[in-house]
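Residues: numbered from 1 along the sequence shown. Here the structure is a predicted model, which means the values were calculated and not measured.
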Amino acid sequence: MQKRSEMPRDDGIAMSWFVKVEGRVYGPYTPQQMRAFVGEGRIAAHSQVCPERDGLWQQATDIDDFREWLGESKTSPEPEKRVTPGARPANFVVIAEIQSENGTEFRNALKAYGDLEAITGNTWLLRGPTTSAVLRNELSHILAREDKLLVIDASHDRAAWFNLGREADQNIRELWSRAH
């Protein structure tokens, strides 16, 4: 069993971690990234992790740091649900490209707007009583300059976005305004 004090080091620099899912190895990831993955539910107690691509794989719960992070994720309070006045429940596709350290805060804020299902690492389905504009406005406050966001209201044929750039902005507006 790997002890916290024995976190893999190489000349004083924290080494990376790898994760194995269905026989496929992903990584390298920094300890900060792995901690975020635990918070997002992408690394579970049974996940196979290793500090080396070809090393000895262990369950996350067998490594002190992961056990601590897993404990933190269980004790994190559920965010208070938010309701947009006058909005009826709708179905949203939320796509975010988050380069900053704000990923966990973003996902926690997103959960507050309704029932959330992760589709990929940067795509979610959300069902909740809000609008695409409210989601964009509220979530964009969490995002950094290099982060991007697209919210599609699949129930009402609407979209809102943040920081996609002038050309994408123009292309989305033109496509959305075309007659069917």
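For Glu101, the side-chain contact (heavy atoms from CB on, under 4.5 Å) test picks out no residue, with sequence neighbours left out.
When all heavy atoms are compared, the tightest approach of Ala44 to Ala60 is O-CB, 3.5 Å. Annotation for Met34 and Val19: closest pair CE-CB, 4.3 Å, computed over non-hydrogen atoms. Nearest heavy atoms, Ile142 versus Ala109: CD1-CB, 3.3 Å. Among all heavy-atom pairs drawn from Glu52 and Phe18, the shortest one is C-CD1, 3.6 Å. Here the shortest heavy-atom pairing between Ala90 and His156 reads CB-CE1, 3.6 Å. The two atoms that bring His46 and Gln59 nearest to each other are O-CG, 3.9 Å, heavy atoms only.
In this structure, Leu56 shares a hydrophobic cluster with no other residue, the cluster being traced through Ile, Leu, Val, Met, Phe, Trp and Tyr side chains under 4.5 angstrom apart. Hydrophobic clustering, defined by side-chain heavy atoms of Ile, Leu, Val, Met, Phe, Trp and Tyr closer than 4.5 Å, leaves Leu175 isolated from every other such residue.
Two residues are said to be in side-chain contact when any heavy atoms from C-beta on lie closer than 4.5 Å; Asp115 and Leu126 fail this criterion.
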Show your working on side-chain contact (heavy atoms from CB on, under 4.5 Å) between Trp57 and Val25 and close with a plain yes or no.
-> CA-CA 11 Å; Trp57 294 92; Val25 177; 3.8 Å; yes
Criterion side-chain contact (heavy atoms from CB on, under 4.5 Å) on Trp176 and Asp157, from CA distance to verdict = CA-CA 8 Å; Trp176 228 259; Asp157 197 26; 3.9 Å; yes
In sequence, state the C-alpha distance, the side-chain angles, and the governing distance for Phe92 and Tyr113, and then conclude on side-chain contact (heavy atoms from CB on, under 4.5 Å).
-> CA-CA 11 Å; Phe92 300 91; Tyr113 284 94; over 6 Å; no
side-chain contact (heavy atoms from CB on, under 4.5 Å) between Ile63 and Trp17: does it pass, once the steps are laid out?
-> CA-CA 12 Å; Ile63 300 170; Trp17 284 94; 3.7 Å; yes
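Once rounded to the nearest 0.5 Å, the distance linking OG of Ser140 with CG of Leu149 reads 7.5 Å. To the nearest 0.5 Å, atom CD of residue Glu68 and atom CZ of residue Arg35 are 6.5 Å apart. The line from CG of Leu70 to CZ of Phe66 is 8.5 Å long, rounded to the nearest 0.5 Å. Distance check: Asn102 CG to His141 NE2 gives 13.5 Å after rounding to the nearest 0.5 Å. Atom CD1 of residue Ile98 and atom NZ of residue Lys148 lie 12.5 Å apart, to the nearest 0.5 angstrom. Rounding to the nearest 0.5 angstrom, the gap separating the NZ atom in Lys20 from the CD atom in Gln48 is 7.0 Å.
Side-chain atoms of Asn91 never come within 3.5 Å of backbone atoms of Ala154 as a donor-acceptor pair (strictly under, hydrogens ignored). Of the possible polar contacts, one joining the Asp147 side chain to the Gln99 backbone as a donor-acceptor pair under 3.5 Å is found. When atom types are taken as modelled, the side chain of Gln33 and the backbone of Thr30 share a donor-acceptor pair closer than 3.5 angstrom.
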For residues 117-124, tabulate all N or O donor-acceptor pairs below 3.5 Å that involve a side-chain atom, not counting sequence neighbours.
residue	atom	partner	partner atom	Å
Thr120	OG1	Asn122	N	3.4
Thr120	OG1	Asn122	OD1	3.0
Thr120	OG1	Thr123	N	3.3
Thr120	OG1	Thr123	OG1	3.2

Please tabulate, for the side chains in residues 165-172, all donor-acceptor contacts under 3.5 angstrom to protein atoms that are two or more places apart in sequence or on a different chain.
residue	atom	partner	partner atom	Å
Asp169	OD1	Trp161	NE1	2.7
Asp169	OD1	Arg173	NE	3.4
Asp169	OD2	Arg173	NE	3.0
Gln170	NE2	Glu174	OE2	3.0
Asn171	ND2	Glu167	O	3.4

May I have the list of side-chain donor-acceptor pairs in residues 131-139 shorter than 3.5 Å, sequence neighbours left out?
residue	atom	partner	partner atom	Å
Thr131	OG1	Val134	N	3.1
Asn137	ND2	Ala133	O	3.3
Glu138	OE1	Arg82	NH1	3.3

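For Arg88, the CZ atom counts as loosely surrounded, since its 6.0 Å shell holds 12 or fewer non-hydrogen atoms of other residues, nucleotides or ligands.
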